[in-house]
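Starting from 1, each residue takes its place in the sequence as its number. Note that the coordinates shown come from a computational prediction; the quantities given were computed from them, not determined experimentally.
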Amino acid sequence: MRIDKIETYRVAIPLMKPFKTALRTVHTAESIIVKITCEDGTIGWGEAPPTIVITGESLSSIESAIHHVLKPFLENQSLRNYEEIFQGIQSIMIGNSSAKAAVDMALYDCLSKICKLPLYQFLGGHKDEIETDFTVSVNGPEEMGEDAVTYVQQGFDVLKVKVGKDDIKTDIERIREIRSRVGREIKIRLDANQGWKPKEAIQAIRKMESLNLNIELVEQPVKAWDIEGLKQVTDNVDTQIMADESVFTPKQAFDVIKSKSADLINIKLMKSGGIYQAQIINQLAEVCGMECMVGSMIETRIGISAAAHFAASKKNITRFDFDAPLMLAREVIEGGIKYSGRRITLPKEPGLGIRNVNIEGGLAIGEKP
């Protein structure tokens, strides 16, 4: 089964409400959609959103990596040799993890379709339903409190709250306001997106512990490169600490696990370069007794479906952050995962379960008129 054609398309979809973190503000979900066609007509879909402040990739750099490096390597390759293909994707160029992820998930879509299995079953089939949290963007305390109440009323019982912007006092006010509005039963996870220094993080988390704000975990409190600082925070608070931007590769995961710099790891396909490497990271964590979460960027249902299939297939992945499609003002994807409030159901169709992609405007990159 040979790879016949690789095409890319750009999509841009407005968000219903701006998505704000300590690193960036997003008004529109932009992505490169990848379509891989095999010689028998099997089609696989992938996606790569540009997240310059995290992966360093733009729309143009993703397109360039796919068309000038990955496409020449992949065309006419046989999917029977998929181990060699996935290793080649990772070794053929440094970085460009989102471009690699888009191609990787499209290939897994093809492989599982050829095997006539939903992707989550092809990868292990641990469960066919999961539950997502919902993200509260970083704003003023009152607005964040109002947003939190809205999401709880919509059925979400786990909130991922963005902090790390302004000062520690303001962050604590944000959490106190949210906790006072949603009550004690709702789980609250914090994501500082590298916004604190180690001593600030310890001060903030200890203060929240003393106020009995009942925080489940704090994600990436310090700069991605500061593994010593991450460990300093982990060692000096009772709340669980999760590494996110500090872990792109299996080697980085190994370093965090070995040094006990975090209690949990957040795996994202756009960081790991796709499902192939994400599985290695999860296996490393699992054999060392560390649970993982799978998260996402601001993506359409293609990328989120791939991440959800991977997450649902593995026992060691116990937390899920797949709310991005619920933030979009319109839908361009038919099929994929299905939402019912916080509950996500994996499709029974082979592959990702994507039936159609409504791409507006023009030809695929590289296609002739």
Qualifying residues under salt bridge (charged side-chain N to carboxylate O under 4.0 Å, His left out), relative to Asp147, sequence neighbours excluded
Lys17
Side-chain heavy atoms of Pro141 within contact of Arg174, under 4.5 Å:
yes
List, one per line, each side-chain donor-acceptor pair under 3.5 Å for residues 175-186, sequence neighbours excluded.
| residue | atom | partner | partner atom | Å |
| --- | --- | --- | --- | --- |
| Glu177 | OE2 | Arg181 | NE | 2.7 |
| Glu177 | OE2 | Arg181 | NH2 | 3.0 |
| Arg179 | NE | Leu213 | O | 3.0 |
| Arg179 | NH1 | Gly183 | O | 2.7 |
| Arg179 | NH1 | Ile186 | O | 2.7 |
| Arg179 | NH2 | Ile186 | O | 3.3 |
| Arg179 | NH2 | Leu213 | O | 3.2 |
| Arg179 | NH2 | Asn214 | O | 2.9 |
| Ser180 | OG | Arg176 | O | 3.3 |
| Ser180 | OG | Glu177 | O | 2.8 |
| Arg184 | NH1 | Asn212 | O | 2.6 |
| Arg184 | NH2 | Asn212 | O | 3.1 |
| Arg184 | NH2 | Asn212 | OD1 | 3.4 |

Are Asp128 and Lys348 ion-paired here, with the side-chain N under 4.0 Å from a carboxylate O?
yes
Closest heavy-atom contact between Gly353 and Pro347?
CA-CG, 4.0 Å
Phe254, CZ atom: more than 12 neighbouring heavy atoms under 6.0 Å
no
Residues at least two apart in sequence or cross-chain that pass side chain to side chain contact (heavy atoms under 4.5 Å, CB included) with Ala285, listed by chain then number, are Ile257, Met290, Cys292, Asn316
Surrounding CD of Glu84 (heavy atoms of other residues, nucleotides or ligands, distance under 6.0 Å), is the total greater than 12?
no
Heavy atoms of Ser261 and Thr234 approach each other most closely as O-OG1, 2.7 Å
Suppose we screen for ring-ring contact (aromatic ring centres under 6.0 Å, His included). Which residues come up paired with Phe248, at least two apart in sequence or across chains?
none
Starting from Met242 and following side-chain heavy-atom contacts under 4.5 Å between hydrophobic residues (I, L, V, M, F, W, Y), which residues can be reached?
Leu217, Leu264, Met293
With sequence neighbours excluded, tell me which residues meet ring-ring contact (aromatic ring centres under 6.0 Å, His included) with Tyr108.
Phe86
Output side-chain donor-acceptor pairs under 3.5 Å for residues 34-41, partner residues at least two apart or in another chain, one line each.
| residue | atom | partner | partner atom | Å |
| --- | --- | --- | --- | --- |
| Glu39 | OE2 | Arg2 | N | 3.1 |
| Asp40 | OD1 | Thr42 | N | 3.0 |
| Asp40 | OD1 | Thr42 | OG1 | 2.9 |
| Asp40 | OD2 | Thr42 | OG1 | 3.1 |

Is any side-chain heavy atom of Asn266 less than 4.5 Å from a side-chain heavy atom of Glu219?
yes
Can you tell if the side chain of Lys271 reaches within under 4.5 Å of the side chain of Ser98, non-hydrogen atoms only?
no
Please determine whether a side-chain nitrogen of the Lys or Arg among Lys5 and Glu75 lies less than 4.0 Å from a carboxylate oxygen of the Asp or Glu.
no
I would like to know whether Asp235 and Lys231 meet salt bridge (Lys or Arg N to Asp or Glu O under 4.0 Å); could you show each step before the answer?
CA-CA 6 Å; Asp235 288 345; Lys231 179 173 173 56; 3.2 Å; yes
Any donor-acceptor pair under 3.5 Å linking the side-chain atoms of Thr55 with those of Glu57?
yes
Contacts of Ser137 that satisfy side chain to side chain contact (heavy atoms under 4.5 Å, CB included) - sequence neighbours left out
Phe19, Lys20, Asn139
Taking all non-hydrogen atoms of both residues into account, name the closest pair between Ile13 and Ala329 and its distance.
CG2-N, 4.3 Å
Just jot down the side chain to side chain donor-acceptor pair (under 3.5 Å) partners of Glu245, sequence neighbours excluded, or say none.
Asn193
Taking the side chain as everything from C-beta on, heavy atoms only, tell me whether Lys268 gets closer than 4.5 Å to Val294.
no
With a 4.5 Å cut-off on side-chain heavy atoms, are Leu107 and Ile85 touching?
yes
Gln121 versus Ser313, side-chain donor and acceptor atoms under 3.5 Å:
no
Counting C-beta onward and ignoring hydrogens, is there a side-chain heavy-atom pair between Ile33 and Thr8 closer than 4.5 Å?
no
Residues in side chain to side chain contact (heavy atoms under 4.5 Å, CB included) with Ser272, at least two apart?
Leu269, Gln277, Ala278, Ile281
If we count only N and O atoms by modelled type, under 3.5 Å, do the side chains of Ser60 and Ser58 hold a donor and an acceptor together?
no
Indicate the atoms forming the closest heavy-atom contact of Met144 with Val161, along with that distance.
CE-CG1, 3.5 Å
For Lys127, does the NZ atom have more than 12 heavy-atom neighbours from other residues, nucleotides or ligands under 6.0 Å away?
yes
Group every Ile, Leu, Val, Met, Phe, Trp and Tyr by side-chain heavy-atom contacts under 4.5 Å, then state whether Phe322 and Val152 land in the same group.
yes
Go through Met327 and Ile298 one step at a time and tell me if the side-chain contact (heavy atoms from CB on, under 4.5 Å) criterion holds.
CA-CA 9 Å; Met327 301 178 185; Ile298 300 299; 4.1 Å; yes
Please determine whether salt bridge (Lys or Arg N to Asp or Glu O under 4.0 Å) holds for the pair Arg10 and Glu30, giving the CA-CA distance in whole Å, both sets of side-chain angles, and the decisive distance to 0.1 Å.
CA-CA 7 Å; Arg10 290 191 182 193; Glu30 296 182 303; over 6 Å; no
Can you tell me if CD on Glu129 sees more than 12 non-hydrogen neighbours from other groups inside 6.0 Å?
yes
Locate the shortest heavy-atom distance separating Asp109 from Leu352; write the atom from each residue and the value.
OD1-N, 2.8 Å
Strictly by side chain to side chain donor-acceptor pair (under 3.5 Å), give each pair with a member in residues 195-204 just once, sequence neighbours left out.
Asp171-Trp196
Can you hop from Val158 to Val163 via hydrophobic side chains spaced under 4.5 Å?
no
Could you tell me whether a side-chain N or O of Thr170 sits under 3.5 Å from a main-chain N or O of Asp166, the two making a donor and an acceptor?
no
If every non-hydrogen atom of Gly273 is compared with every non-hydrogen atom of Asp104, which pair is closest and at what distance?
O-CB, 3.8 Å
Might you work through the salt bridge (Lys or Arg N to Asp or Glu O under 4.0 Å) test for Arg355 and Glu334, ending with a clear yes or no?
CA-CA 5 Å; Arg355 294 188 296 273; Glu334 296 177 19; 5.1 Å; no
Decide whether Ser78 and Asn81 meet the rule of one side-chain donor and one side-chain acceptor closer than 3.5 Å.
no
Does any part of the side chain of Tyr276, heavy atoms only, come nearer than 4.5 Å to the side chain of Glu83, both counted from C-beta?
yes
Looking at residues at least two apart in the chain, or sitting in another chain, which of them share a side chain to side chain contact (heavy atoms under 4.5 Å, CB included) with Ala243?
Gln220, Leu230, Ser246, Val247, Val256, Ala262
Quick one, Thr300 and Pro325 - any side-chain contact, counting heavy atoms below 4.5 Å?
no
Do the charged groups of Lys187 and Asp157 touch, with an N to O distance under 4.0 Å?
no
Presence of salt bridge, Glu349 and Lys113, under 4.0 angstrom:
no
Run the side chain to side chain donor-acceptor pair (under 3.5 Å) test on Thr135 and Asp323 for me, step by step, so that the C-alpha distance in whole Å, both residues' side-chain angles and the decisive distance to 0.1 Å come before the verdict.
CA-CA 7 Å; Thr135 303; Asp323 54 352; 2.8 Å; yes
Please say which of Arg319, Lys160, Gln240 ends up in a side-chain hydrogen bond (donor to acceptor under 3.5 Å, both in side chains) with Glu216.
Arg319
